Protein chains: 2
Amino acid sequence: MAVTLKDVARLAGVSVKTVSNVVNGYAFVKPENRRRVEEALAATGYRPNLGARNLRRGRTGFLALMVPELNIPYFGELAGLVLTAAQKLGWSVLIEQTQGTRERERETLASLGPHLVDGALVHPEALRAGDFRDAAGGIPLVLLGEHAVDVPIDRVAIDNVLAARTAVAHLAGLGRRRIAAIGRNPARGTSEQRMAGYREALSDAHLSYVEELVAPAEKYHRAYGAAAMQALLDLPEPPDAVFCFNDLLAIGALRAVAERGLRVPGDVAIVGFDNNEESAFSVPALTTIAPDKAALAEAAIDLVCRRITGETATPPQTVQTPFALEVRESTTG
Amino acid sequence: MAVTLKDVARLAGVSVKTVSNVVNGYAFVKPENRRRVEEALAATGYRPNLGARNLRRGRTGFLALMVPELNIPYFGELAGLVLTAAQKLGWSVLIEQTQGTRERERETLASLGPHLVDGALVHPEALRAGDFRDAAGGIPLVLLGEHAVDVPIDRVAIDNVLAARTAVAHLAGLGRRRIAAIGRNPARGTSEQRMAGYREALSDAHLSYVEELVAPAEKYHRAYGAAAMQALLDLPEPPDAVFCFNDLLAIGALRAVAERGLRVPGDVAIVGFDNNEESAFSVPALTTIAPDKAALAEAAIDLVCRRITGETATPPQTVQTPFALEVRESTTG
DNA sequence: ATGAAAGCGCTAACAA
DNA sequence: TTGTTAGCGCTTTCAT
């Protein structure tokens with residue numbers, strides 16, 4: 001059916017070794033033979049059978065990317081960048097969705113392994129430290145995003161505490177005094193970090209931490225942001241600013257404010273987190289923390305590839321990638 | 001390193017054949033042996049090497065999904081659904097991004113093939129009919145979305161003409177007389193279809209087709225929608241309604257209207273296409289055509305799998321999946 | 001019902 | 001510099 005190395009060899013009148021050498025860019029091939037092989041290659045339209053090559057090499061040639069859901073804009077954007085970064089280095093990526101549940105995350109981690117992929121980038125939502133005990137059959141893992149889980153595994157993330165602090169400091173700098181937060185969720189690692197940054201910034205601005213101004217969010221989706229904002233607006237003394245732990249929550253909050261006939265940022269200023277593409281086009285456009293997602297994707301791919309090739313054998317490291325505060329209309333109408 | 005069939009066989013004191021039989025659920029294995037094999041399997045934590053299995057079977061076990069970009073919400077959502085549908089049937093999916101350029105689409109199609117994947121779902125943007133000439137090395141292909149390309153290949157799509165017509169009829173039914181369109185682009189297949197539906201609906205409503213009310217869009221991104229809307233609003237006699245060929249364009253249009261201090265739907269009613277999740281939360285929420293994306297994903301996966309297994313050997317077919325008009329605030333403030 | 005062995009397409013150690 | 005050949009881990013005849 002498909003053209004094999006042997007077919008090419010026969011056509012070129014050389015051995016498979018020589019063809020293999022040419023295909024793999026081995027330098028020492030007699031020019032005459034190289035020419036004939038290349039001709040045969042072109043004539044047959046030969047394409048190496050990756051499965052066979054990798055079986056022989058003890059590699060699969062694939063990486064995995066584990067994320068909650070691709071229809072969450074942040075992960076859609078990130079996945080796109082990861083694919084691009086991987087492709088540049090000649091890797092194919094298998095994307096696995098977990099829906100953010102611990103069980104699916106554990107299953108997925110277990111299903112990964114040397115027989116399927118050579119390495120994986122994982123963005124866990126609910127995994128605990130113990131879940132990593134020789135998971136994934138020992139292939140190199142790189143954790144994406146900051147999490148409470150304290151495991152000796154490579155990580156790439158922005159400084160969530162500082163980012164949250166920056167966002168809230170911006171609000172305080174605008175003269176807002178009742179700054180709420182939406183997104184507290186003990187089950188999520190990043191929630192802890194962002195809470196910490198929130199508290200630090202309040203303290204920096206000599207504002208006190210008010211329990212009732214911190215709204216939980218079960219999921220970081222738009223509808224939950226809207227619901228949380230409604231609750232906040234029902235307070236006897238509603239907030240004059242809100243820091244949302246991601247843009248989806250912020251977009252929901254934006255709607256809730258509009259539905260009350262209130263103004264953003266006039267009555268309530270809003271800051272998000274992630275800089276989803278949609279956030280630049282909401283009405284009003286959303287001020288948000290903009291992580292450098294391309295840098296994140298590239299650093300992660302780079303790291304996992306170096307681990308696979310054994311190029312880097314140092315202890316697990318944490319790479320911090322940059323972020324910026326993107327100021328838009330939702331705080332400076 | 002990893003546990004192989006041979007290791008399990010040795011531990012269980014049987015031949016690899018017997019282990020293979022157990023692993024593959026072959027019925028006729030002596031209960032005693034089955035028990036011992038299962039014990040050995042559990043003790044070693046054996047996981048089959050997919051590469052080797054597929055090499056032997058002449059399969060790869062992978063499907064490909066070719067899309068322009070994952071950070072476009074429609075494709076992020078669709079990809080997530082495709083992954084889910086594929087997983088249910090035990091397939092892994094390789095996602096390939098083309099950025100919507102014809103060249104990358106051709107390259108990708110060529111890079112696919114029996115050595116990499118067993119079948120592919122492709123959502124082309126710029127491909128021409130000729131580009132499909134024995135592309136992808138003869139593996140089963142399923143086209144996603146409607147396109148101008150007329151090739152004898154399986155397809156899954158909604159009825160774009162009818163959908164567009166429905167959207168515009170809705171606008172006309174609201175009493176709007178100057179209904180514009182944003183998104184004309186001869187290079188894109190769906191553009192033709194949506195233009196046709198637009199014209200049909202105008203004619204149904206006894207409105208004449210006005211060339212200046214049809215705005216082109218190079219890319220179907222938010223910024224292009226905003227630019228097109230601005231141009232439309234600069235017209236001596238601006239439109240009182242706009243049909244955008246996707247939600248991204250509509251979101252951009254929404255912003256452009258807001259920036260002028262005009263009202264949606266008061267001054268201009270807007271309808272989109274795709275029903276991205278964000279469209280339910282924009283201010284105002286967007287009326288849009290909502291294709292049943294889950295049905296699309298499932299039908300496509302189902303079809304390609306049946307072709308691969310040879311279960312379906314009929315001539316290429318076109319499967320139509322349902323859509324609905326989702327009426328929201330942007331047309332009924 | 002199960003074992004022995006061939007071979008999927010490829011790479012690489014070993015020879016020549 | 002190039003040919004020969006042994007596997008990579010698995011499935012699957014063909015025997016038994």
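Because the structure is a prediction, the values reported are computed rather than measured.
- Side-chain contact between A/D154 and A/L143: absent, with no pair of heavy atoms (C-beta onward) separated by less than 4.5 Å.
- Contact annotation: B/R53 reaches the phosphate of D/dT11 (side-chain N/O to OP1 or OP2, under 4.0 Å).
- Within the structure, a side-chain polar atom (N or O) of A/T18 is placed less than 4.0 Å from OP1 or OP2 of D/dG3.
- Looking at B/T18 and B/N33, their side chains never bring a donor and an acceptor atom within 3.5 Å of each other.
- Electrostatic pairing of B/E32 and B/R35 counts as a salt bridge here, judged by a charged N lying under 4.0 Å from a carboxylate O.
- In this entry the distance linking CG of A/L55 with P of C/dA12 reads 13 Å, nearest Å.
- Listed nucleotides C/dC10, C/dG9, D/dT5 differ in distance to A/V16; the shortest reach to its side chain belongs to D/dT5.
- Atom pair B/N54:CG and C/dC10:P shows a separation of 15 Å (rounding to whole Å applied).
- Annotation: side chain of A/I95 is in contact with side chain of B/L83 (closest heavy-atom distance under 4.5 Å).
- At least one side-chain heavy atom of B/Y46 sits less than 4.5 Å from a side-chain heavy atom of B/V23.
- Candidate nucleotides C/dG3, D/dT11, C/dA13 were compared by shortest atom distance to the side chain of A/K17, and C/dA13 ranks first.
- Of the candidates D/dC10, D/dG9, C/dT11, D/dC10 carries the atom nearest the B/L5 side chain, counting heavy atoms from C-beta on.
- One atom, NZ of B/K6, and another, C1' of C/dG3, lie 14 Å apart when rounded to the nearest Å.
- Atom OH in B/Y46 sits about 7 Å away from atom C1' in D/dG9, given to the nearest Å.
- Here C/dT11 is the nucleotide among C/dT11, C/dA4, D/dG9 with the atom lying nearest to any side-chain atom of A/R56.
- End-to-end axis angle of the helix from C/dA1-D/dT16 to C/dA16-D/dT1, from C1' rotation axes over five pairs per end: 40° (rounded to 10 degrees).
- The side-chain heavy atoms of B/L121 and B/L303, taken from C-beta on, include no pair separated by under 4.5 Å.
- Between B/R128 and B/D131 there is no salt bridge, since no side-chain nitrogen of the basic residue lies less than 4.0 Å from a carboxylate oxygen of the acidic one.
- Of the residues in residues 22-36 of chain A, A/N24 come within less than 4.0 Å of DNA chain C through at least one heavy atom, sorted by number.
- Looking at heavy atoms from C-beta onward, B/L5 lies in side-chain contact with B/S20 at the 4.5 angstrom threshold.
- Ring geometry for B/F62 versus A/F62: interplanar angle of 30 to 60°, hence tilted.
- Atom-to-atom, CZ of B/R57 to P of D/dT13 comes out at 12 Å; the value is rounded to the nearest Å.
- Place B/S15 and A/L50 on DNA chain C by their nearest nucleotides, and B/S15 ends up nearer the 5' end.
- A straight line from CZ of A/R59 to P of C/dC10 spans 18 Å, rounded to a whole angstrom.
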